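Down below is the structure, laid out as structure tokens.
No experiment lies behind these values; they were computed from the predicted model shown. Chain identifiers are assigned alphabetically (A, B, ...) following the order of the sequence lines, protein sequences preceding nucleic acid strands; residue numbering begins at 1 within each chain.
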Amino acid sequence: NAGVTQTPKFQVLKTGQSMTLQCAQDMNHEYMSWYRQDPGMGLRLIHYSVGAGITDQGEVPNGYNVSRSTTEDFPLRLLSAAPSQTSVYFCASSYSWRGRTDTQYFGPGTRLTVL
Amino acid sequence: AQKITQTQPGMFVQEKEAVTLDCTYDTSDQSYGLFWYKQPSSGEMIFLIYQGSYDEQNATEGRYSLNFQKARKSANLVISASQLGDSAMYFCAHETGNQFYFGTGTSLTVIP
């Protein structure tokens, strides 16, 4: 198993550009999520999904879109990049049952810089 | 929003000694999960230990144990017999309703 994979590892954007961060998992996990990690602030949940076709907002969803057309993939779209979106982005996945989410497994992260 | 507090920005411990990393949480939910993750300087997030709110016994995983005090809303991580490879950032996380909230982390340095 590859686990949770993320592409790209690094990305530099100009203000106003759009892009998609890719995330895929091969563990048949129902739950997938996106976080951003900023210095001194820990990880903050952007969006999450409890299954294909189902997505919901987390703590800091503004400026980001997600979709979940398959169990395996959960891309994160930046609509119009801003310098405030410079961060490290992590994707994670886990089993979800009885309304509870189990231990999350994280991808290696994408370091995004917006100029 | 739920709140997770890690009050120790940095900690030092002598190799082979035990260390406790503090975590408190604020929730009115009855059903929730508590997690600890390790983030070494290479950047990946590594799961360490989990405690469910209804679990009566404290969780243990090898050298890691979670000191769960429900009434105090605390979930401290205890690392026994520290090793040089334990030097890293440690994050406490709280899960409820499919949403995870992370603390700001504690930087642990193990001294030889």
Check your understanding: Of all heavy-atom pairs between Phe47(B) and Gln104(A), which one has the smallest distance, and what is that distance?
Key -> CB-O, 4.4 Å
Working to the nearest 0.5 Å, report the span between [atom1] of [X] and [atom2] of [Y].
{"X": "Leu43(A)", "Y": "Phe100(B)", "atom1": "CG", "atom2": "CZ", "answer": "11.5 Å"}
{"X": "Asn98(B)", "Y": "Leu45(A)", "atom1": "CG", "atom2": "CG", "answer": "10.0 Å"}
{"X": "Tyr105(A)", "Y": "Met45(B)", "atom1": "OH", "atom2": "CE", "answer": "13.5 Å"}

With a 4.5 Å cut-off on side-chain heavy-atom distances among I, L, V, M, F, W and Y, is there a chain of contacts connecting [X] to [Y]?
{"X": "Leu48(B)", "Y": "Tyr25(B)", "value": "yes"}
{"X": "Val50(A)", "Y": "Phe74(A)", "value": "no"}
{"X": "Phe10(A)", "Y": "Leu76(A)", "value": "no"}
{"X": "Leu34(B)", "Y": "Ile79(B)", "value": "yes"}
{"X": "Ile4(B)", "Y": "Leu66(B)", "value": "yes"}

Practice item. Below 4.5 Å from any heavy atom of chain B, which atoms of Gln6(A) appear? Answer side chain, backbone, both or neither. Key: neither
Check your understanding: Taking atom CZ of Arg111(A) as the centre, does the number of heavy atoms from other residues, nucleotides or ligands within less than 6.0 Å exceed 12?
Key ->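 No, not enclosed.
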Point to revise | Crowding at NZ, Lys70(B) (>12 non-hydrogen neighbours, <6.0 Å) | key: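 Result for NZ/Lys70(B): enclosed.
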Point to revise | Under 4.5 Å from any heavy atom of chain A - which part of Gln39(B) | key: side chain
**Study point:** Largest heavy-atom contact set with chain B, pairs under 4.5 Å, which of Gly58(A), Gly42(A), Gly109(A)
**Key:** Gly42(A)
Check your understanding: Does the Tyr48(A) side chain pair with the main chain of Gln99(B), one donor and one acceptor, at a distance under 3.5 Å?
Key -> no
Review point. Do Tyr101(B) and Glu59(A) come close enough that some side-chain heavy atom pair is under 4.5 Å?
Key: yes
Check your understanding: Going by heavy atoms in the side chains, are Glu44(B) and Phe90(A) under 4.5 Å from each other?
Key -> no
